[in-house]
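Take a look at the structure set out below.
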Number of protein chains: 2
Amino acid sequence: MPSDKNIELAISDDHASAPPKAAKKILDVAYDLFYRRGIRAIGVDEIVKRAGVTKPSLYRSFPSKDELAASYLRQYDLEFWQRFDEAVDAHPGDARAQIRAFLTRVGKRTQMPQYRGCGMTNAAVEYPERGHPARVVGEDNKRELRRRLRAMAAAMGAPDADTLGDGLLLLIEGAYISGQLFGLGGPAQSVAANADLLIEASLKK
Amino acid sequence: MPSDKNIELAISDDHASAPPKAAKKILDVAYDLFYRRGIRAIGVDEIVKRAGVTKPSLYRSFPSKDELAASYLRQYDLEFWQRFDEAVDAHPGDARAQIRAFLTRVGKRTQMPQYRGCGMTNAAVEYPERGHPARVVGEDNKRELRRRLRAMAAAMGAPDADTLGDGLLLLIEGAYISGQLFGLGGPAQSVAANADLLIEASLKK
DNA sequence: ATTCATACGTACCGATCGGTAACATTGTCA
DNA sequence: TGACAATGTTACCGATCGGTACGTATGAAT
């Protein structure tokens with residue numbers, strides 16, 4: 001579900017020129033199709049057809065399908081950090097509550113019927129080749145997420161913050177995958193509870 | 001790395017007929033290529049070329065590419081349970097030690113340079129459509145793994161065994177994904193330590 | 001030696017893949 | 001009104017996709 005916010009910002013160049021409308025429609029449709037059915041599974045023909053545009057329009061706005069996929073993932077990345085920061089901002093100075101808020105939301109999100117996993121994680125699975133435009137977006141996101149989780153673990157006062165931060169990342173990625181494998185009632189439903197248990201144990205160590 | 005054991009069993013029919021040698025070569029090559037580079041990324045032409053056979057040979061042994069992929073995953077499933085049961089058999093009656101042994105091995109395995117995640121998880125990501133031959137193999141595997149992990153958590157005496165079992169599954173899936181995202185030195189390295197912490201906390205609850 | 005099933009190879013199928021060339025049409029703003 | 005940028009139209013490219021029709025080699029039993 002691509003939000004309309006920030007899309008123009010992601011598409012238009014730094015001049016305040018009028019943003020092409022076709023590019024937005026293309027990216028919206030690509031976002032939906034790539035996420036729901038996979039990048040490799042979707043051809044550019046289907047994208048332009050569903051977007052009501054033509055192929056040359058796609059290639060005027062995006063240099064290649066791979067770069068279109070990367071644009072989709074950059075949008076996904078943006079929305080991810082919006083969700084993450086919402087949880088963080090809701091509990092200023094309380095890293096543990098921030099984690100709890102974020103993971104509670106993840107637990108719900110991953111149980112939704114249309115949930116199909118993390119778009120960036122999925123893309124990395126679809127494109128194992130190092131340096132692929134779609135893959136690097138995901139790699140950067142995960143690296144940054146790891147950094148922040150470790151920092152939050154340290155802020156909680158965990159003796160071994162790196163291990164706890166990594167443990168939280170494992171739980172999160174596990175929830176992403178389990179959500180799309182099991183659907184409703186799967187292991188992802190208990191991600192927040194397990195994280196809390198893990199945090200508790202790590203702080204007392 | 002497909003082991004030669006059990007392959008004939010997986011290929012040949014229940015009559016003790018002589019198994020076609022081409023099918024084994026095809027499955028071996030398909031296993032390697034599908035795992036390393038993804039199922040959708042590999043065409044049947046490349047498989048038969050690398051296997052030194054021809055396309056009709058492939059379609060005489062396997063009804064379709066999708067079914068070949070399913071055969072690859074059934075082989076992967078077989079080897080998965082071999083690894084799992086090795087850890088279990090090494091510590092009879094001690095579920096906690098069994099988990100520790102298995103996860104220690106997972107932690108190492110997911111750090112190897114050629115590691116590319118769990119073949120079944122990856123296939124489920126590549127084929128989100130319900131009922132796809134490749135997907136169902138993975139779904140069955142995960143369902144059974146969940147059942148066994150929950151049973152082991154109960155055997156440990158966890159008050160909320162289902163939650164602990166699910167937590168372990170989340171950590172495992174997280175390790176699979178993180179292994180291929182981060183490689184050496186990634187969060188997967190601490191999967192066993194985090195699992196132990198989580199178990200400890202769950203038992204004391 | 002002939003038979004007969006089985007495995008294999010050559011050549012091909014239509015469809016789709018990502019991507020492009022060349023040109024017509026539109027809407028907007030000066 | 002003229003100019004310009006964005007989009008559309010049509011047709012095409014070579015490559016690859018999964019899959020098959022059909023003839024040929026091979027090996028064991030008779």
Side-chain angles (χ1 to χ4, degrees), chain A residues 7-8 10-30 33-34 37-73 123 126-127 129 131-135, chain B residues 7-8 11-30 33-34 37-73 123 126-127 129 132-135:
Chain A
I7 288 204
E8 297 194 359
I11 292 181
S12 65
D13 43 5
D14 21 10
H15 314 74
S17 64
K21 292 189 294 185
K24 178 184 177 339
K25 284 194 292 185
I26 290 166
L27 186 54
D28 279 357
V29 170
L33 292 178
F34 282 163
R37 297 172 43 197
I39 299 172
R40 294 200 115 115
I42 298 297
V44 290
D45 293 277
E46 183 162 1
I47 294 174
V48 299
K49 189 178 170 188
R50 303 265 272 247
V53 300
T54 56
K55 227 181 326 182
S57 272
L58 191 158
Y59 283 98
R60 274 187 279 260
S61 299
F62 304 93
S64 66
K65 183 199 176 186
D66 286 348
E67 282 302 329
L68 172 59
S71 292
Y72 141 60
L73 291 173
E126 285 199 271
Y127 295 97
E129 314 94 51
H132 189 286
R135 186 184 179 85
Chain B
I7 286 202
E8 296 196 358
I11 293 180
S12 65
D13 44 4
D14 22 8
H15 313 74
S17 63
K21 291 188 292 185
K24 176 180 179 341
K25 284 194 292 184
I26 290 167
L27 186 54
D28 279 357
V29 170
L33 292 178
F34 282 162
R37 297 172 44 198
I39 299 172
R40 291 200 118 113
I42 297 297
V44 291
D45 292 279
E46 184 163 0
I47 293 174
V48 299
K49 189 178 170 188
R50 302 266 272 247
V53 300
T54 57
K55 224 178 331 182
S57 275
L58 192 158
Y59 283 97
R60 262 173 235 121
S61 300
F62 305 92
S64 66
K65 184 199 174 186
D66 286 347
E67 282 301 330
L68 172 59
S71 292
Y72 142 60
L73 291 173
E126 286 199 272
Y127 295 96
E129 315 95 50
H132 189 287
R135 185 181 180 87

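Per chain, numbering begins at 1; letters A, B, ... match sequence-line order. Please read all numbers here as calculations on a predicted model, not as lab measurements.
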Name the atoms and distances for all side-chain donor-acceptor pairs under 3.5 Å in residues 46-54 of chain B, with sequence neighbours left out.
residue : atom : partner : partner atom : Å
B:Glu46 : OE2  : B:Arg37 : NH1          : 2.8
B:Glu46 : OE2  : B:Arg50 : NH1          : 3.3

*Of the residues in residues 49-57 of chain B, which ones touch DNA chain D at a heavy-atom distance under 4.0 Å?*
B:Lys55, B:Pro56

*Quick one: list whatever passes ring-ring contact (aromatic ring centres under 6.0 Å, His included) with A:Tyr72, sequence neighbours left out.*
A:Tyr31, A:Phe34

Rounding to an integer number of Å, can you tell me how far [X] [atom1] sits from [N] [atom2]?
| X | N | atom1 | atom2 | answer |
| --- | --- | --- | --- | --- |
| A:Lys65 | C:dG19 | NZ | P | 8 Å |
| A:Lys21 | D:dA5 | NZ | P | 18 Å |
| A:Ile39 | C:dG18 | CD1 | P | 12 Å |
| A:Asp45 | D:dC13 | CG | P | 16 Å |
| B:Leu68 | D:dG19 | CG | C1' | 13 Å |
| A:Arg60 | C:dC23 | CZ | C1' | 11 Å |
| B:Arg37 | D:dT16 | CZ | C1' | 14 Å |
| A:Leu58 | C:dG19 | CG | P | 9 Å |

*Answer whether the closest heavy-atom distance between the side chains of B:His132 and B:Glu129 falls below 4.5 Å.*
yes

*Do the non-hydrogen side-chain atoms of A:Ile39 and A:Lys65 ever get within less than 4.5 Å of each other?*
yes

*Using a heavy-atom cut-off of under 4.0 Å over every strand shown, decide if B:Ile42 touches base, sugar-phosphate, or nothing.*
sugar-phosphate

*With heavy atoms under 4.0 Å as the rule, sort B:Ile47 into base, sugar-phosphate or nothing.*
nothing

*With B:Arg60, which residues qualify under side-chain contact (heavy atoms from CB on, under 4.5 Å), at least two apart?*
B:Pro56, B:Ser57

*asked:* Both A:Pro63 and A:Ala41 contact DNA chain C. Which one's nearest nucleotide lies toward the 5' end?
replied: A:Ala41

_Point-to-point distance, once rounded to the nearest 0.5 Å, from NZ of A:Lys25 to CG of A:Leu58_ = 12.5 Å

*Atom pair OG (A:Ser71) and CZ (A:Phe62), whose distance is rounded to the nearest 0.5 Å*: 5.0 Å

*Is the backbone of A:Arg40 close enough, under 3.5 Å, to the side chain of B:Arg40 for a donor and an acceptor to pair up by distance?*
no

*Decide yes or no, distance alone: a donor-acceptor N/O pair under 3.5 angstrom between the base of D:dG18 and the side-chain of B:Arg40.*
no

List, with names and distances, any nitrogen or oxygen atoms from the protein found under 3.5 Å away from nitrogen or oxygen atoms belonging to nucleotides 26-30 of chain C.
none

*Distance check: side-chain N/O of B:Tyr59 vs OP1/OP2 of D:dG19, anything under 4.0 Å?*
yes

*Applying salt bridge (Lys or Arg N to Asp or Glu O under 4.0 Å), name anything that partners B:Asp45, two or more places apart in sequence or on another chain.*
B:Lys55

